[in-house]
Asker: 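Encoded as structure tokens, here's the structure I'll be asking about.
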Amino acid sequence: MITITSETTQLLTQLVEVGVLSVDAVGSLHHTEPHQLFAILKHRFMLNDAQLIDACQGLANLSIKTASDLVIDPTVWSKISKEQCAGLFPIYWDNTEIAVATDNPFHDGIIQLHTQWQRPIHRFLVTPADLQKLWSRSTSTNEPLTALHHMINHALSVSASDIHLYKQELDTVMMLRIDGKLVHQQTLTGQDERQLASLIKFHGELDISKINQPQDGRIRHLWQGVSVDVRVSSLPSAYGEDYVLRLFNTHHKRDRLEDLSFTESALSLVSQMISHRHGLILVTGPTGSGKTTTLYTLLNHLKKDKTKSIITLEDPIENILTGIRQSQINPGAGYTFIQGLRAILRQDPDIIMIGEIRDAETAKIALEAAYTGHLVLSTLHTANCESTLLRLQSFDLDPFLLGHSLKGVISQFLTPQRCAKCNQAGCADCHDSGFKGRIAIHEMLSIQTPLALKTQDDFKTLMSQNQYYPFYQDINQKINDGKVSRDKWAG
Ligand SMILES: [Zn+2]
């Protein structure tokens with residue numbers, strides 16, 4: 001895990017590279033104990049927190065955070081005492097790793113924790129001021145789980161994507177969206193109803209005094225050691241306010257391409273597409289077809305190559321991906337996709353993810369980036385490979401640039417998945433429906449033989465000269481594998 005000597009060398013090299021430390025200075029630091037290095041750099045060489053923290057980017061098992069970004073698992077204190085973690089602040093402790101906040105990445109206590117517990121220690125590097133903040137927060141609050149926490153926990157445990165609360169004349173109806181469908185949960189009245197509404201407004205950082213205009217906010221919720229982003233929106237209604245809470249659950253981390261229900265043929269095409277060093281890869285489909293999940297999984301796969309720098313440009317950031325730099329555009333404040341894209345190109349990335357190509361201008365810059373040596377991944381709101389080519393053409397892109405940059409298209413939609421337990425006979429697990437969850441159906445075009453794309457005839461040539469894997473082939477394979485029902489596709 002942490003090999004302090006190679007890490008301190010990496011840090012010092014970085015500081016020399018950015019010009020805040022001289023090579024001579026590094027020479028004088030040879031015999032420094034790793035845990036003292038930060039202090040010496042600060043006091044003897046006058047480096048500030050920002051310079052030091054910046055230079056730690058890229059160290060393994062380390063992410064740079066602010067105190068407000070960190071969600072502390074309240075149960076962590078039952079596993080570690082304050083004495084045991086002098087100078088470190090424990091954040092969570094799960095089956096796979098221990099996470100601590102620290103203002104010194106080479107702190108002695110990190111090695112001690114690792115030696116004692118024999119598991120990886122993830123370091124959240126914060127400023128000394130933020131570490132103080134974490135300590136003061138921990139002594140002032142120790143709040144019990146509220147009705148709001150229980151409601152969100154329940155929704156996450158049944159894999160719901162949204163919680164809906166509709167205010168009626170005498171009560172509030174609560175529903176969950178599960179597998180795309182709204183399912184009634186319960187009706188809240190009196191004190192329960194009022195308490196939940198005020199908890200949502202308080203934790204969602206909405207203005208409590210306003211009830212006559214829509215608002216939005218967010219709650220950071222801790223679920224099994226992972227921070228789940230919950231977006232809250234309120235809407236004035238006839239009897240008060242309705243709320244919808246969207247759950248961005250990173251819990252079902254999909255790091256592996258194998259988790260995406262690709263068939264073997266599809267998987268080999270995907271591997272082919274992402275093995276390109278530059279070019280454009282598009283994931284397409286209607287709203288709610290799982291495009292973002294596919295895109296994030298591709299990025300999680302690509303980030304395993306530590307020599308590549310990955311930057312995303314999103315609106316909004318739907319999941320926090322560790323080890324990847326994510327940037328959220330903010331058109332209201334003048335930070336648009338175009339500006340963002342220009343800015344990140346100056347950051348010398350290898351791989352760029354653009355949340356969505358919405359217009360010709362974004363498409364043009366994405367294509368230029370793809371043509372000039374970057375691997376660009378994005379989504380497009382089209383139903384299949386052919387309509388994707390048509391949409392790209394409608395953006396009036398350079399036919400040569402388009403033909404030579406496009407490396408692949410993955411189109412997808414979701415369909416009910418047969419219950420694996422009862423084989424569609426109906427059981428308690430699937431509420432007697434025979435189906436549980438949804439599965440993606442894919443169509444793909446992997447382009448190895450480029451062709452300038454001027455006319456629709458060129459599209460046909462392109463598809464015939466390259467590897468095209470159509471929806472029907474995927475559906476047939478998944479019917480044969482028992483994953484989807486034949487009935488749905490008959491006729
Ligand atoms: Zn079943």
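Whatever order the structure lists ligands and atoms in, that order sets their numbers, starting from 1.
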Asker: Taking ring-ring contact (aromatic ring centres under 6.0 Å, His included) as the test, write out the residues that go with Phe471, two or more places apart.
Answerer: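 If we apply the ring-ring contact (aromatic ring centres under 6.0 Å, His included) test to Phe471, skipping adjacent residues, the hits are Phe413.
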Asker: Which pairs pass salt bridge (Lys or Arg N to Asp or Glu O under 4.0 Å) with one or both residues in residues 157-167, sequence neighbours excluded?
Answerer: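 Qualifying pairs, neighbours excluded: Asp162-Arg246, Lys167-Glu193.
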Asker: Step by step, work out the salt bridge (Lys or Arg N to Asp or Glu O under 4.0 Å) result for Lys478 and Asp481.
Answerer: CA-CA 5 Å; Lys478 282 170 182 159; Asp481 294 343; over 6 Å; no
Asker: Which donor-acceptor pairs under 3.5 Å do the side chains of residues 417-427 make with protein atoms, sequence neighbours left out?
Answerer:
| from | atom 1 | to | atom 2 | distance (Å) |
| --- | --- | --- | --- | --- |
| Arg418 | NE | Gln424 | OE1 | 3.1 |
| Arg418 | NH2 | Asn423 | OD1 | 2.7 |

Asker: Minimum heavy-atom separation for Ile352 to Pro349, with atom names?
Answerer: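 Reported closest heavy-atom pair: CG1-CG, 3.7 Å.
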Asker: If you apply the rule side chain to side chain contact (heavy atoms under 4.5 Å, CB included), what do you find for Leu390 with Gln456, and how did you get there?
Answerer: CA-CA 8 Å; Leu390 279 168; Gln456 288 196 31; 3.5 Å; yes
Asker: Please give me the protein atoms (N, O or S only) lying under 2.8 Å from the Zn ion (ligand 1), ordered by chain and number.
Answerer: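 You should have found Cys419 SG, Cys422 SG, Cys427 SG, Cys430 SG.
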